[in-house]
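Let me begin by presenting the structure, written as structure tokens, before commenting on it.
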Amino acid sequence: MTYFPEEVVEHIFDFVGSHRDRNTVSTVCKAWYQVERLSRRTVFVGNCYAIGPERVMARFPGIKSLSVKGKPHFADFNLVPYDWGGFALPWIVAAARLCPGLEELRLKRMVVTDDGLELLARSFPNFKSLVLISCEGFSTDGLATIATYCRGLRELDLQENEVEDHGCQWLSFFPDSCTSLVSLNFGCLKGEVNGGALERLVARCPNLRSLKLSPAVSVESLNKILARASHLVDLGTGSFAVDHRTDVYHMLMNSFPKFKSLRNLSGFWDASPCCLRAVYPVCTSLTVLNLSYAPAIQGDDLIKIICLCFKLQKLWVLDSIGDKGLAVVASTCKELQELRVFPCDIYGAGTTSVTEEGLLAVSSGCPKLNSLLYFCYQMTNAALITIAKNCPHFTRFRLCILDPGKPDPVTDQPLDEGFGAIVRSCKNLRRLSLSGRLTDQVFLYIGMYAERLEMLSIAFAGDSDKGMIYVLNGCKNLRKLEIRDCPFGDIALLKNVAKYETMRSLWMSSCDITLGGCKALAAKMPRLNVEIINENEETYEFEENLSDLHKLEKIYVYRTVAGPRNDAPDFVWTL
Amino acid sequence: MEAEASYVKDTELRLGLPGTHAPAETRGSKRALPEDDEKSHGKSKARVVGWPPIQSYRKNSFRARKAEAEAAGSYVKVSMDGAPYLRKIDLRVYRGYKELREALEDMFGCFSLGEASGAEGCTGSEHAMAYEDKDGDLMLVGDVPWEMFISSCKRLRIMKGSEARGLG
């Protein structure tokens with residue numbers, strides 16, 4: 001291949017899409033490395049501390065799209081302290097200097113500031129798409145600068161961010177000349193919204209296909225918007241509860257039938273059952289339905305809507321759907337690929353309304369099911385074994401039995417055999433979350449059978465170090481391992497240290513890891529950052545005085561070529 | 001010994017309605033751990049940090065709306081005689097008595113609410129729906145227009161048919 005001119009090689013590389021393939025291709029020889037790096041258009045950085053931003057931009061000066069992830073996944077559940085890190089600014093600064101052609105930026109679990117957003121808005125003349133997921137640190141002022149300076153912006157997608165509300169005017173900052181929006185999602189904003197500005201913006205963007213509104217957008221506003229945006233494919237409603245005797249309600253009932261292209265529905269923040277009827281006319285063409293933020297919709301109303309959705313591929317609901325509702329899903333939604341069932345009553349006193357029966361029904365009725373997130377109060381081995389047989393195509397299987405360490409209620413056994421059946425049957429399983437009573441045995445199965453597993457989440461499980469060792473010695477494609485409240489200690493941590501360089505990261509909290517164990521790990525593996533997160537104020541000032549036997553509450557270990565980070569707060573020590 | 005034991009039992013503090021023998025709530029199992037493990041596994045199940053693993057974003061949005069609705073005063077407790085726990089519902093989401101009854105049947109169905117009968121308040125010979133109004137009086141559900149009902153209802157009670165017959 002080295003006697004082909006560069007242009008030809010570059011053209012061939014155009015067909016090499018995935019990051020991993022391109023990374024592989026670049027290691028073949030120097031010539032290929034050069035061609036590849038100059039022609040690379042998309043870069044994905046799974047851990048913002050694995051490499052410095054300047055190094056990325058210097059290697060790939062031509063990138064148009066950059067994705068960066070910051071905090072560990074368990075930050076979603078408040079296990080990572082607020083100012084741990086994950087700052088976006090260095091990435092924006094480096095890109096502004098070295099990659100001015102940047103068009104797209106995707107950030108997940110990072111701290112983004114208004115200053116960063118302003119720099120972003122002013123530095124990239126061709127900027128088209130900003131996606132922020134589970135980020136924090138910015139306000140509506142930052143959004144206003146994006147609206148002002150990003151001419152030709154096509155996508156502004158804000159998912160589940162903590163955004164400080166500094167007023168509703170940011171939408172008015174989109175100039176009249178802005179007509180390019182294709183996708184606008186501000187569902188996570190908590191403050192008031194300027195309805196008029198929103199309606200005008202929607203009216204002047206003929207290419208708008210995806211619009212997701214925040215709870216503050218009234219039904220009245222929604223009606224006006226829907227009247228102007230009949231080409232929408234993806235809609236997230238704003239508020240969805242009005243008195244059924246009003247004109248607004250009647251208008252709402254008549255707003256949906258004309259949507260020929262609508263495929264995805266979400267929002268429904270406070271939806272009432274009578275308003276939900278408005279969407280019946282579009283149900284038969286829906287592929288995605290998210291009702292997981294509508295606690296007022298009970299089982300029967302959910303059933304009424306689901307039995308119309310026979311093309312549904314993705315369904316997110318609350319457990320108020322009940323096993324009965326899931327049986328309806330099973331008999332109606334034959335195209336279903338992804339199901340998420342969230343608990344309605346998190347602090348509840350007792351039973352939930354979905355059990356293993358509901359999941360069994362869906363597994364039996366929906367042959368294409370490959371992605372699951374299921375919260376329930378109980379699960380049995382028998383059910384899991386049957387589910388594994390019914391659905392060998394799972395790529396993502398996350399089961400959360402709400403009672404930590406709960407065994408099979410019928411046999412009082414741990415759920416080792418059930419989960420074992422899942423990993424044995426689902427050869428393409430990439431992500432797995434375990435729960436319930438589990439012994440080391442389940443980890444033996446995982447190590448043996450879960451060959452494609454990339455991410456594993458473990459809580460309140462296992463008996464001894466052997467459990468963790470089985471996993472580390474087994475799963476050859478493991479990238480992320482996150483563990484909480486398990487009896488795994490230094491022996492497990494140190495058994496297979498080379499493994500961590502093949503993985504993105506390891507998180508362990510409330511386990512039996514000691515300071516001495518971490519020191520040993522850091523000493524053996526210089527290319528890992530071994531971070532100790534110590535929120536106990538009494539001890540962190542006396543680092544030197546802590547004995548090696550001191551048990552550590554939280555550790556985060558990740559491979560890096562950037563060395564220890566220079567932005568770590570006081571309570572994070574990198575060994 | 002036995003007399004002592006029964007004395008202890010009589011004065012024992014338990015969760016559960018008086019007259020029932022429901023034991024105190026012992027949900028979940030203990031993990032198979034050595035006794036001297038000083039870790040947090042013994043923590044109360046209800047308040048383990050970061051458990052259940054639900055995004056704080058989702059938790060917060062529910063909490064905020066629940067607080068809002070509760071502040072707006074439309075959430076009322078619903079108790080059913082014989083059930084070990086109560087529920088809370090937002091009366092504003094229902095259009096009328098029929099929807100309310102259906103919703104309650106859904107919620108308490110596992111405790112066999114019984115078939116709906118003709119009369120609004122009675123759900124068959126087994127149970128009747130009553131409510132506590134602003135004055136604290138126990139009233140039969142169904143006598144007044146729906147709007148008046150939701151503004152005056154402070155608490156709902158599903159009563160055993162035998163007790164409810166006295167109400168009408």
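Owing to the predicted nature of the structure, the values given are computational and were not obtained by experimental measurement. Chain A is the first sequence line, chain B the second, and so forth, proteins listed ahead of strands; every chain is numbered from 1.
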Just jot down the side-chain contact (heavy atoms from CB on, under 4.5 Å) partners of Thr380(A), sequence neighbours excluded, or say none.
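Thr380(A) satisfies side-chain contact (heavy atoms from CB on, under 4.5 Å) with Glu356(A), Ala382(A), Ala383(A), Asp408(A), Pro409(A), Val410(A) only.
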What residues form a side chain to side chain donor-acceptor pair (under 3.5 Å) with Glu164(A), not counting sequence neighbours?
His166(A)
Ignoring hydrogens and geometry, is there a side-chain-to-backbone donor-acceptor pair from [X] to [Y] under 3.5 Å?
X         : Y         : answer
Arg484(A) : Gly50(B)  : yes
Ser56(B)  : Asp76(A)  : yes
Trp51(B)  : Leu402(A) : yes

Rounded distance (nearest 0.5 Å) linking atom [atom1] of [X] with atom [atom2] of [Y]:
X         : Y         : atom1 : atom2 : answer
Asp301(A) : Glu102(B) : CG    : CD    : 8.5 Å
Gln298(A) : Glu105(B) : CD    : CD    : 13.0 Å
Phe342(A) : Lys59(B)  : CZ    : NZ    : 13.0 Å
Leu302(A) : Asp106(B) : CG    : CG    : 10.0 Å

Tell me, do Phe375(A) and Pro53(B) make a side-chain contact under 4.5 Å, heavy atoms counted?
yes
Just give me the residue among [options] that pairs up with chain B most often, heavy atom to heavy atom, under 4.5 Å.
options                                    : value
Lys190(A), Lys324(A), Arg398(A), Arg277(A) : Arg277(A)
Ser272(A), Ser134(A), Cys274(A)            : Cys274(A)
Ala459(A), Pro273(A), Ser292(A), Cys400(A) : Ser292(A)
Cys188(A), Gly322(A), Ala241(A)            : Cys188(A)

Tell me, side chain or backbone of [X] under 4.5 Å from chain B's heavy atoms, or both, or neither?
X         : answer
Leu318(A) : side chain
Glu162(A) : side chain
Leu373(A) : neither

Looking at every non-hydrogen atom in both residues, tell me the closest pair between Asn161(A) and Tyr57(B) and how far apart they are.
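Result for this residue pair: O-CE1, 4.3 Å.
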What heavy-atom pair brings Val49(B) and Asn78(A) nearest, and what distance separates the two atoms?
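So the two residues come closest at CG1-O, 4.3 Å.
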